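Remarks on the structure that follows.
Sequential numbering from 1 along the given sequence is applied to the chain's residues. In what follows, every heavy atom counts, from backbone to side chain, and hydrogens, waters and symmetry copies are set aside. These numbers come from a predicted model, not from an experiment.
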Amino acid sequence: MYITPSVMSLLLVVTILACAFDRATCLKFSYPTFKEADENHFIKEKSYIVLNALQVTADVSGAPISNLSGRIFYKDPFKLWKKKGVTASFNSTFVLKITPQTVPGGEGLAFLITGKTGLPDNSDGRWLGIVNSSTDGDSQNQVVAIEFDSRKSYAEDGDDNHVGLDVNGIFSIKQEPLANYGVNLSAAINITARVEYDGKNISLFVPLSNETGDNMKNPVISYTIDLSEYLPQDVYLGFSASTSNYTELNCIRSWFFEGSKLDEDPKLLWVWISVPTVLVLCALIYLLYRIRTGKKGLVEDTYPTIEDQIKGSSTAPRKFWFKDLKKATGNFKNKLGQGGFGTVYKGCIMDKEVAVKRVSQDSRQGKQEFLAEITTIGSLHHRNLVKLIGWCYERRELLLVYEYMPNSSLDKYIYCHEKLIASGPTLNWQRRYNIISGVAKALDYLHNGCEKRVLHRDIKASNIMLDLEFNARLGDFGLARTIQQTEQTHHSTKEIAGTWGYMAPESFLTGRATVETDIYAFGVLMLQVFCGRKPGDQNEETSIVSWVWELHRRVRILSAADSRMSGEFGDREMEDMLVLGLACCHPNPYCRPSMRIVLQVMTGEVAPPIVPLERPAFIWPSMPPSFREDLDCSNAEGQITLITELCGR
Ligand SMILES: *[C@@H]1O[C@H](CO)[C@@H](O)[C@H](O)[C@H]1NC(C)=O
Ligand SMILES: *[C@@H]1O[C@H](CO)[C@@H](O)[C@H](O)[C@H]1NC(C)=O
Ligand SMILES: *[C@@H]1O[C@H](CO)[C@@H](O)[C@H](O)[C@H]1NC(C)=O
């Protein structure tokens with residue numbers, strides 16, 4: 001389905017609102033392993049990410065470094081509660097590994113939930129990085145911990161292999177030896193543990209043996225506690241650990257956390273449920289409406305803006321009604337051609353023949369193209385440009401009315417089969433010369449002559465229309481964009497637009513249209529017209545540019561000329577035209593002549609540029625000739641507009 005910007009923005013608003021209301025998952029993260037690149041996901045206090053693990057206390061590997069403590073937290077806080085007594089629930093599953101570095105090791109590791117991430121001073125030894133001797137038991141600590149204690153360090157402490165639930169201190173309000181579960185904390189192996197809180201009840205699960213994972217059904221510790229009594233609304237989750245004269249490496253190898261829904265006040269609950277529901281319903285109804293009425297298409301609501309834009313230009317094209325254009329074209333019967341984003345029909349308005357382009361509704365950028373055509377062409381006036389007479393924007397239909405070109409487009413003449421040529425009018429040398437000169441004048445006007453610089457972006461034979469006298473009229477500004485020469489907007493377009501065979505080599509790298517890419521396409525067109533050949537594709541072998549250049553290298557460039565014109569031109573004239581065409585197709589954009597120069601060469605005011613016999617290799621980034629002595633592009637102006645970028649898109 002085609003989604004227009006307004007539907008997109010509606011969906012976006014709905015999504016944002018839905019996210020804001022839906023608090024189903026408040027915090028979730030998953031670290032199957034830890035990488036040094038994850039460093040800034042954590043708040044670290046004397047702790048490290050080394051060898052795919054969180055080292056909560058440093059690895060001392062036998063060095064006489066003792067009495068360490070450290071903490072590490074996930075960087076984002078978790079919203080634990082909003083209203084006292086109503087807390088969120090969470091699951092935290094982690095794999096810990098304690099490797100004794102003395103015999104025995106000490107002291108232990110803890111999973112922490114706290115409002116304060118800072119590491120207390122002197123929290124080494126028995127304090128496990130949780131508190132210190134002066135703060136132990138203080139409710140200001142705002143810390144709840146599940147300890148994994150590997151040493152009995154004071155009288156009330158359990159054995160040297162136990163777990164416990166600690167609140168604001170190291171005294172465990174609930175503890176449990178692990179021997180019964182077959183788990184040995186100091187065995188230097190991975191031990192999986194899960195801490196679960198359902199909003200009322202905190203539970204710790206460990207496996208029934210040192211093997212990870214299995215049998216985590218019955219909790220080792222389960223304790224009913226209202227965490228909102230002890231902890232602030234926003235808490236940090238992490239680990240602390242310590243060593244004493246007895247040391248060990250305290251590591252976390254992986255960690256999954258999922259914190260969930262804060263059950264809201266039941267009175268408010270309906271708001272959380274109904275508001276997004278209503279919004280989603282509205283969006284659905286709107287979408288259904290759009291599908292029923294609009295097919296896929298363009299939204300009428302932007303209509304006034306477009307009209308305003310068009311009215312803004314002084315010599316504005318006329319506005320037509322759809323029913324009038326339908327009548328004028330005999331219900332779109334007489335098809336003249338098919339363009340990139342629409343079909344062109346012949347019509348008749350007040351005894352005047354017109355060409356009506358109906359922008360296809362499949363054309364995704366239809367509206368953009370439409371706007372570009374009206375605003376650019378509407379304000380341009382040149383005898384070598386197709387004149388836009390009017391437009392229509394109605395019933396999600398975009399239509400453009402042009403003056404009718406009785407001789408159709410250039411491509412119909414330059415490379416059709418001999419038989420067809422015999423029957424129809426042909427292009428003699430003079431006509432071809434006039435056509436190229438007309439296109440050059442139109443391009444010079446677009447590039448240098450009008451108020452805003454305009455790039456055509458899609459110069460090719462089928463976009464050159466021919467009037468009754470076979471004068472060239474440049475048409476199809478669908479891809480044209482204006483460039484404010486004063487105020488350059490620096491957003492680049494990565495979209496390659498144009499037609500294969502006419503595209504300058506650098507445009508595949510930059511994806512950008514410039515004056516020089518227009519000139520390249522013009523050069524291809526010029527070679528085409530004088531050689532009577534298709535432009536070929538990018539393929540080196542078949543491209544017209546390499547074909548002509550090869551003849552130029554063999555000093556046989558005249559043999560490239562279309563044999564159908566034999567005897568109509570002077571060798572000198574023809575050679576100048578072909579060389580000029582090659583110069584426009586120079587692989588280095590800096591070496592291409594401007595349209596001004598092209599016109600001067602055509603009128604004989606200046607000599608044609610000197611084109612090296614060997615086709616220069618395409619080098620990127622290109623340099624102006626002064627930087628590279630081996631380049632011979634003496635006749636080019638040397639100034640370049642490569643920095644000029646496109647607005648729009
Ligand atoms: C480590 O702390 C213990 C207990 O406070 C103390 O006896 C010992 O001297 C400390 N060791 C070092 C190296 O500071
Ligand atoms: C925590 O895990 C338990 C059991 O695996 C599950 O029932 C519960 O929904 C989980 N809670 C959260 C907040 O993920
Ligand atoms: C707490 O949760 C555990 C595990 O789900 C359960 O076995 C225990 O009975 C619960 N305790 C209370 C007091 O709800």
Side-chain angles (χ1 to χ4, degrees), residues 382-386 405-445 456 458-476 499 501-502 518-536 543-545 547-549 551-552 556-585 593 595 597-605 608-609 611:
H382 190 275
R383 63 182 298 264
N384 293 109
L385 293 178
V386 175
M405 291 291 131
N407 280 321
S408 185
S409 55
L410 181 58
D411 58 323
K412 304 274 186 316
Y413 300 91
I414 47 179
Y415 39 73
C416 47
H417 298 293
E418 302 280 343
K419 277 180 207 159
L420 283 173
I421 295 164
S423 60
T426 53
L427 293 184
N428 58 20
W429 155 261
Q430 197 53 47
R431 272 186 182 162
R432 295 190 203 207
Y433 180 88
N434 283 346
I435 287 166
I436 287 300
S437 136
V439 176
K441 282 176 193 156
L443 264 185
D444 179 49
Y445 169 74
H456 186 282
D458 200 13
I459 291 165
K460 56 176 171 184
S462 57
N463 279 340
I464 314 292
M465 309 307 293
L466 299 174
D467 67 12
L468 209 55
E469 289 89 41
F470 282 91
N471 288 314
R473 302 287 206 97
L474 195 49
D476 215 332
T499 303
Y502 293 91
D518 264 4
I519 292 172
Y520 185 94
F522 171 80
V524 174
L525 180 84
M526 197 167 174
L527 295 178
Q528 245 192 297
V529 167
F530 291 117
C531 303
R533 282 171 74 105
K534 295 203 178 200
S543 105
I544 189 168
V545 179
W547 180 71
V548 177
W549 215 304
L551 291 171
H552 175 56
R556 290 186 51 217
I557 196 166
L558 272 179
S559 62
D562 191 340
S563 57
R564 285 174 282 172
M565 301 182 290
S566 58
E568 294 173 4
F569 53 82
D571 288 357
R572 182 77 226 176
E573 294 172 297
M574 177 57 93
E575 191 175 333
D576 286 356
M577 288 306 106
L578 292 173
V579 166
L580 184 58
L582 283 185
C584 293
C585 296
M595 278 338 278
I597 300 267
V598 168
L599 280 173
Q600 285 171 348
V601 173
M602 292 197 74
T603 55
E605 276 173 65
V611 172

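- Remark: F530 engages W429 in a ring-ring contact (aromatic ring centres under 6.0 Å, His included) (not counting sequence neighbours).
- Side-chain contact between L527 and W547 is absent, with no heavy atoms from C-beta onward closer than 4.5 Å.
- What you find for L599 and A440 is that their closest heavy atoms are CD2-CB, 3.7 Å.
- In this structure, D562 and R432 have side chains that are in contact, with non-hydrogen atoms separated by less than 4.5 Å.
- For the pair L474/I464, a side-chain contact is recorded, criterion being any heavy-atom separation below 4.5 Å from C-beta on.
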**Asked** For N463 and I459, what are the C-alpha separation, side-chain angles and deciding distance, and is it a side-chain contact (heavy atoms from CB on, under 4.5 Å)?
**Response** CA-CA 6 Å; N463 279 340; I459 291 165; over 6 Å; no
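- Distance check, rounded to the nearest 0.5 Å: CG of L427 to CD of E568 gives 10.0 Å.
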Could you give the side-chain donor-acceptor pairs of residues 569-579 under 3.5 Å, partners two or more places apart or in another chain?
unit_1: R572; atom_1: NH2; unit_2: D576; atom_2: OD1; d: 3.3
unit_1: E573; atom_1: OE1; unit_2: G570; atom_2: N; d: 2.8

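- Under a 3.5 Å cut-off, the side chain of Y413 and the backbone N or O of V529 do not form any donor-acceptor pair.
- A side-chain donor from one of Y502 and Q528 sits under 3.5 Å from a side-chain acceptor of the other.
- How far NZ of K441 is from CG of L385: 12.5 Å, rounded to the nearest 0.5 Å.
- Panel note: side chain D444, backbone M595; no donor-acceptor pair is recorded below 3.5 Å.
- V601 has its side chain out of reach of P593: every pair of non-hydrogen atoms, C-beta onward, lies at least 4.5 Å apart.
- Residues F470 and N407 are in side-chain contact: their nearest non-hydrogen atoms beyond the backbone lie under 4.5 Å apart.
- Note that OH of Y445 is 11.5 Å distant from CG of N384, once rounded to the nearest 0.5 Å.
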**Message:** Run the side-chain contact (heavy atoms from CB on, under 4.5 Å) test on L582 and I557 for me, step by step, so that the C-alpha distance in whole Å, both residues' side-chain angles and the decisive distance to 0.1 Å come before the verdict.
**Reply:** CA-CA 11 Å; L582 283 185; I557 196 166; 4.0 Å; yes
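- Contact detail for G501 and P535: the closest heavy-atom pair is O-CB, 4.1 Å.
- Partners of R473 under the salt bridge (Lys or Arg N to Asp or Glu O under 4.0 Å) rule, at least two apart in sequence or in another chain, are E403, D467.
- The minimum heavy-atom distance linking S409 with S462 is given by the pair CB-O, 3.6 Å.
- If you take CG on L443 and NE2 on H382, they are separated by 10.0 Å, rounding to the nearest 0.5 Å.
- For the pair V611 and W549, the tightest heavy-atom approach, listed with the atom from each and the gap, is CG1-CZ2, 3.2 Å.
- Looking at every heavy atom in both residues, A472 comes nearest to L466 through CA-CD2, 4.1 Å.
- Taking CE of M465 as the reference point, atom CG of N471 lies at 13.5 Å (rounded to 0.5 Å).
- Taken from CG in D518 to CG in L525, the straight-line distance is 11.5 Å, to the nearest 0.5 Å.
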